[in-house]
Amino acid sequence: MSLFGNLFGGSSSYDPPALFNADGEKQQRLERYKKTWEAYLAELPDPIIVDGPSNDNVKVNPARAIINTGVFFLFGSELKFQTSPDASDKYGQVSSSNEPSSQGSPKWLQDLNKIWKANRKKSFLFNLGLSGAIHGTPFIKIVPNGAGMNNEFPRVVLLDPANVDVEWDPNDCTRVLKYCIEYITQDEDGQPYIRIQEITANQDADDRILSWTMQDYEQPMGYVLGVGYTPAEGERTPVGPPVEWPYAWAPIESCQNIELPHMFWGLPDLDESAVEVIESLQRSMSSLNKIVRIHASPRMFAKNVMPDQIDDIDVSADNIITLPNMEADLAVLQTLSNLSPSIQYADKQREMLLEMVQVPAIALGQFESASTSISGVTLSILYAPLLQKTELKRISYGDMI
């Protein structure tokens, strides 16, 4: 049961955090998706204003390295399925290999490995981890007879979480009763419309899920001047007959990337606070870049010179500078003598960011030490934050897989 689910109505004096606020939850979630993608793709807004021909903005992009490192630790080693020695009691055969051609492997294990091979296991799992790290909750959809040379195997499809919405049991947020996949596409004439698929649980009198029903819909869109294309008024049109999924488990599976109790949605590797630190780091580096550009060569300035006399001043290196009047003064703009505090501040921001996301600098290939030798104990301590996060994520992703 969701602890915060009963508090949205205002009947309690408890004010839940904004993350647990059900009002506008989907819109807030989509905005978080957009922000994290912008950080990963280095497309965050320019941190400083461009006020001339030179653009001093530096899009430092630690987000991609942080997320990719986390995904590598999660799925870098090939995922294998093995049977335990006592499996012979249930399956009549014993195997500890994940190879489909292994002698003595149970047929279900051989079939499972064939299915994963048809679905490009390593590539799929990397994209699965990447989607979870960015969105916080990845979704997998199972499509029967969709993979293999002759479509003889089930296909696993990685869904875009931005297109998925769920309805869960009011008494248990982890028990999904309905999935809704919704996205905008185009017809043959290039006109946009909304494609919707609802996957609804069928329950018995005791609220036990027996099967699922899948129904596709289409909803036209109309163009509104000044607004753009919006969903047209009127009911949705069913596309084809409903399809029954004759299993108690749904054709869609999900998990929390970083588990968050009392919520269906999980946490991404980079939350909003981490993205804000990245924006601050980009602002610091851009400001430093502007200072270095301006002061890269001595900048001269003149005083008491009339505008029409400026062209008469020759400041080239091999000429004598002649000022147009006796009261004029020419000087060199003094550069900042010490940029160390600004550089140290940017370094501190990066250090705080890595601490927040539990990715030590050594995991990104950075290690400062007088000696290249390092003990196993020291190594385990340095990697501890990332290993702890990875182990917790393996619990969640392992249950889903």
Side-chain angles (χ1 to χ4, degrees), residues 70-135 137-161 163-164 166 174 176 179 181 183 197-202 209-214 216 240 242-257 266 390 393-401:
V71 175
F72 175 80
F73 269 74
L74 181 61
F75 288 122
S77 299
E78 184 178 359
L79 178 68
K80 299 180 180 180
F81 300 91
Q82 296 180 337
T83 57
S84 59
D86 59 352
S88 58
D89 295 338
K90 184 174 182 180
Y91 301 105
Q93 303 177 70
V94 180
S95 173
S96 60
S97 172
N98 72 316
E99 296 298 330
S101 59
S102 298
Q103 295 295 328
S105 296
K107 187 178 184 305
W108 68 266
L109 183 57
Q110 297 181 33
D111 291 341
L112 182 61
N113 282 283
K114 290 177 182 178
I115 292 171
W116 273 114
K117 184 177 181 180
N119 284 276
R120 303 175 62 192
K121 178 173 65 174
K122 296 191 70 172
S123 176
F124 177 84
L125 291 178
F126 176 83
N127 288 318
L128 170 66
L130 183 60
S131 178
I134 291 178
H135 301 103
T137 304
F139 289 88
I140 294 176
K141 182 182 179 183
I142 302 173
V143 179
N145 303 323
M149 295 294 294
N150 300 310
N151 292 328
E152 68 271 30
F153 299 119
R155 181 180 175 218
V156 286
V157 180
L158 183 62
L159 299 178
D160 185 352
N163 297 335
V164 182
V166 298
T174 64
V176 178
Y179 294 93
I181 305 172
Y183 56 92
Q197 184 179 68
E198 292 185 349
I199 304 174
T200 308
N202 301 316
I209 297 177
L210 303 178
S211 62
W212 298 75
T213 300
M214 297 182 288
D216 292 338
V243 177
E244 293 299 317
W245 179 266
Y247 306 102
W249 45 275
I252 292 181
E253 188 60 62
S254 66
C255 74
Q256 292 184 334
N257 176 68
T390 302
K393 291 174 69 171
R394 282 178 176 172
I395 297 173
S396 182
Y397 282 87
D399 289 343
M400 176 181 65
I401 295 173

Can you check side chain to side chain contact (heavy atoms under 4.5 Å, CB included) on F139 and I181, steps first, answer last? CA-CA 11 Å; F139 289 88; I181 305 172; over 6 Å; no
Decide yes or no for [X] and [Y]: does some side-chain heavy atom of the first lie under 4.5 Å from some side-chain heavy atom of the second?
| X | Y | value |
| --- | --- | --- |
| C255 | P138 | yes |
| M214 | P242 | no |
| T390 | F72 | no |

Mind running side chain to side chain contact (heavy atoms under 4.5 Å, CB included) on I252 and L159 for me, showing each step along the way? CA-CA 9 Å; I252 292 181; L159 299 178; 3.9 Å; yes
Output, in order, the C-alpha distance, side-chain angles, deciding distance and verdict of salt bridge (Lys or Arg N to Asp or Glu O under 4.0 Å) for K121 and E78. CA-CA 9 Å; K121 178 173 65 174; E78 184 178 359; 3.3 Å; yes
Return the [atom1] to [atom2] distance between [X] and [Y], rounded to the nearest 0.5 Å.
| X | Y | atom1 | atom2 | result |
| --- | --- | --- | --- | --- |
| I140 | F124 | CD1 | CZ | 4.0 Å |
| S123 | L158 | OG | CG | 10.0 Å |
| I134 | L130 | CD1 | CG | 4.0 Å |
| F75 | N127 | CZ | CG | 11.0 Å |

Please table the atom pairs, donor to acceptor, closer than 3.5 Å between any side-chain atom in residues 146-157 and protein atoms at least two apart or in another chain.
| unit_1 | atom_1 | unit_2 | atom_2 | d |
| --- | --- | --- | --- | --- |
| E152 | OE1 | N150 | N | 2.8 |

So which heavy atom on T137 is nearest to which on G266, and how close?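 It is OG1-N, 2.8 Å.
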Identify, with sequence neighbours excluded, every residue that meets side chain to side chain donor-acceptor pair (under 3.5 Å) alongside N119.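 Partners of N119 by the side chain to side chain donor-acceptor pair (under 3.5 Å) criterion come out as none, since no residue qualifies.
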Begin with the C-alpha distance, continue with both residues' side-chain angles, and end with the deciding distance and a verdict on side chain to side chain contact (heavy atoms under 4.5 Å, CB included) for D160 and N163. CA-CA 6 Å; D160 185 352; N163 297 335; 3.6 Å; yes
Under the side-chain contact (heavy atoms from CB on, under 4.5 Å) test, which residues partner S211, sequence neighbours left out?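 side-chain contact (heavy atoms from CB on, under 4.5 Å) list for S211, sorted by chain: N202, E244.
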Can you list the residues that meet the side-chain contact (heavy atoms from CB on, under 4.5 Å) rule with Y247, with sequence neighbours excluded?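 Listed in chain order: W245, W249.
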Give a yes or no answer on whether the side chain of W212 reaches the backbone of P246 with a donor-acceptor pair at less than 3.5 Å.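 It does not hold such a pair.
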Under the salt bridge (Lys or Arg N to Asp or Glu O under 4.0 Å) test, which residues partner D111, sequence neighbours left out?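 For D111, the residues satisfying salt bridge (Lys or Arg N to Asp or Glu O under 4.0 Å) (neighbours in sequence not counted) are K107.
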Residues 394-401, side-chain donor-acceptor partners within the protein, below 3.5 Å, at least two apart:
| unit_1 | atom_1 | unit_2 | atom_2 | d |
| --- | --- | --- | --- | --- |
| R394 | NH2 | F73 | O | 3.1 |
| S396 | OG | Q256 | N | 3.3 |
| S396 | OG | Q256 | O | 2.6 |
| Y397 | OH | N257 | OD1 | 2.8 |

